[in-house]
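Below is one structure; the comments refer to it alone.
Values below: all heavy atoms of this structure, side chains included; hydrogens, waters and symmetry mates excluded. Just so it is clear, the structure is predicted and the values come from calculations on it, not from any experiment.
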Amino acid sequence: MPVPEPMPGYGQLLRRGYGSLAGAVRGCGDCGWELARRSWAENAHLGWAELLLCGLCALGWTALRRTAARWVFRPFAEWCNLQPKDAAKMPESAWKLLFYTLSWSYGIYLLFFTDYPFFYDPPSVFYDWKKGMDVPTDIAIAYLLQCSFYGHSIYATAYMDTWRKDSVVMLLHHVVALTLIAFSYAFRYHNVGILVLFLHDVNDIQLEFTKLNVYFKHRGGVYHRLNDIISNIGCLTFSVSWFWFRLYWFPLKVLYATCYSSLQLVPNIPFYFFFNALLLLLTLMNIYWFLYIVLFVAKVLMGQMKEVNDVREYDVEVRKKTTTAKKKEAELQLPSALKEGLHLKNGLIKDKRL
C-alpha cells in the first residue's frame, strides 16, 4: 500500500485538480450520451431490490418522524411551555439532531475505530477499486440509512419543515446528495462517500443543537440565561467548524482525491466528470450557506442583532412588520393549528399537504 501523502494546500488542489480535469477533457474524444450509457451498463451495479428497500426505508423515516413529533416532541414542547412559534419549529430540529448525531457517530466508528484509512489517507478511497466489487456490510448499512434519509428529506423539506429563504437551495442539496449517494454506491465509490458524509453531518448536529437552545431560552415566559449562553457558544463553534469541515477538509481531502488522485490510481475511471461536477456543486452550496454565516456574524458585530436567530427564516423579518394585534391573533390560533398538523411558512400558518 502506498505511503500516505501530506494533505495538499489550496494552491496544489487548484493546479493538480484543474490540470487533471483539463487533461481528461482533452483525452475524452468520444464523451457524450453514448459513452455514458455504455459506462453505466458496464460499471453500475444497482438492483431493483436495493432501490425498493431504500424507498421503503424512506417511507419508514417519514412515518417515524410523524410519530415522534406527535407523541414525543410536541408534547415535550407543550410541557416545557415554549413560545408558540418556537414550539412549532422545535420538533423539526429535535428530529434532525437525533438522526445526524446517530449518523455522525456511526461515521466516527467507521473512520476511526476500524481499519479504513480514508480520513488520514484520502487517496486510499480508490486503492484496489474494481467495478462491481463487494460493498462491506458496515458501509452498506451507512449507505442505506443515509440514502433513505435524504429521500425522506426531499419530501420533508417541501411538506413538513418550516419554509425558509434557502429552502429551494436545500431541496437542490438533497437531490444532489441523494444522487451522489445512489450513484457512488452503484459505481462502488462508497469509500469516498463515507468520507463526504462524515465531513458534512457534524455541522448539522451543531446547527440543530444551537437552534434548540434558541427555542428553549424563552420558555414558560421566563428568560433562561444558560440556554442563551449555550446558543451563543454553539453559533461560534458552528461557524468555525463549517469552514473547517466543509471548506477546508472537504476540498483538500475529497476534491483532491476525486479530481486528481482518482485518475492517477484508476485511469479512465467511469463517470469522472459526473461525480466531480456534483461534488463541485456541493462545494458551491457550502460556500453559499457560509455567506449566511458571515452575514449573521456581521449583524452581530454591527449591533443589528442582539440575540441568536436563524437569518434564513422569513418569519424573522415578517415579525417586525406585523402589528401587535395580528401577532396576538396568530399566537391564539397557533396551538390549535399545531394539533391539526399545520406548519409555518414565511411566518404564517400553512397547511402543507402532498
Side-chain angles (χ1 to χ4, degrees), residues 17 20-21 24 35-37 39-55 57-58 103-104 106-107 110-111 114 116-119 121-154 172-201 245-246 249-251 253-286:
S20 297
L21 286 168
L35 176 61
R37 187 193 63 79
S39 296
W40 174 269
E42 294 176 356
N43 298 282
H45 294 78
L46 185 62
W48 288 109
E50 295 164 315
L51 291 174
L52 178 60
L53 179 60
C54 183
C57 289
S103 64
W104 194 60
Y106 190 58
L110 291 176
L111 291 175
T114 63
Y116 299 129
F118 311 141
F119 182 81
D121 185 20
S124 66
V125 297
F126 295 106
Y127 292 169
D128 302 321
W129 177 88
K130 295 180 180 64
K131 62 180 180 180
M133 60 190 293
D134 292 333
V135 180
T137 302
D138 50 5
I139 292 182
I141 292 173
Y143 257 69
L144 176 61
L145 296 177
Q146 291 278 3
C147 190
S148 60
F149 186 80
Y150 275 104
H152 149 77
S153 296
I154 293 174
L172 176 62
H173 169 270
H174 293 338
V175 171
V176 170
L178 182 62
T179 304
L180 278 170
I181 294 172
F183 276 65
S184 63
Y185 179 86
F187 283 89
R188 299 306 189 249
Y189 300 147
H190 46 272
N191 294 341
V192 68
I194 292 299
L195 187 56
V196 173
L197 293 169
F198 168 77
L199 293 176
H200 283 75
D201 284 351
F245 278 80
R246 297 197 180 198
W249 271 345
F250 176 70
K253 287 181 177 292
V254 174
L255 291 183
Y256 182 81
T258 58
C259 290
Y260 174 72
S261 302
S262 60
L263 287 179
Q264 306 301 311
L265 296 167
V266 187
N268 299 319
I269 188 169
F271 271 51
Y272 171 81
F273 296 111
F274 176 80
F275 282 104
N276 280 294
L278 290 181
L279 289 172
L280 288 172
L281 179 59
L282 188 59
T283 304
L284 291 177
M285 285 188 283
N286 288 337

* Asked: After noting the C-alpha distance and the side-chain angles of W129 and L265, does the key distance pass the side chain to side chain contact (heavy atoms under 4.5 Å, CB included) rule?
  -> CA-CA 9 Å; W129 177 88; L265 296 167; over 6 Å; no
* **side chain to side chain contact (heavy atoms under 4.5 Å, CB included) assessment of Y150 paired with H173** => CA-CA 10 Å; Y150 275 104; H173 169 270; 4.0 Å; yes
* Between F275 and V192, does a side chain to side chain contact (heavy atoms under 4.5 Å, CB included) hold up when you go through it step by step? -> CA-CA 11 Å; F275 282 104; V192 68; over 6 Å; no
* To do: Quick one: do N286 and H200 satisfy side chain to side chain contact (heavy atoms under 4.5 Å, CB included)? Show the steps, please.
  => CA-CA 10 Å; N286 288 337; H200 283 75; 3.2 Å; yes
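Closest non-hydrogen pair, R246 versus P251, comes out as O-CD, 3.5 Å. Closest approach of S262 and I269 over heavy atoms only: CB-CD1, 4.0 Å. Minimum heavy-atom separation, G107 to F198: C-CD1, 4.2 Å. C259 approaches N276 most closely through the heavy-atom pair SG-OD1, 3.1 Å.
In this structure, CG on L145 lies 10.0 Å from SG on C54, to the nearest 0.5 angstrom. Here the CG atom belonging to N43 is positioned 13.5 Å from the NZ atom belonging to K130, to the nearest 0.5 angstrom. Between Y143 atom OH and S148 atom OG the span is 13.5 Å, to the nearest 0.5 Å. Annotation: the span from I194 atom CD1 to Y116 atom OH amounts to 8.5 Å, rounded to 0.5 Å. Separating the CZ atom in F118 from the CZ atom in F126 is a distance of 10.5 Å, to the nearest 0.5 Å. If you take CZ on F149 and CD1 on I181, they are separated by 10.5 Å, rounding to the nearest 0.5 Å.
Ring orientation note: the planes of F187 and F183 are close to parallel, at an angle under 30° on the 30°/60° scale.
At distances below 3.5 Å, not a single donor-acceptor pair connects side-chain atoms of Y185 with backbone N or O atoms of A140.
Sequence neighbours left out, not one pair with a member in residues 186-196 passes side chain to side chain donor-acceptor pair (under 3.5 Å).
F274 places a side-chain heavy atom less than 4.5 Å from the side chain of T179. Using a 4.5 Å cut-off on side-chain heavy atoms (C-beta onward), L180 and V196 make no contact.
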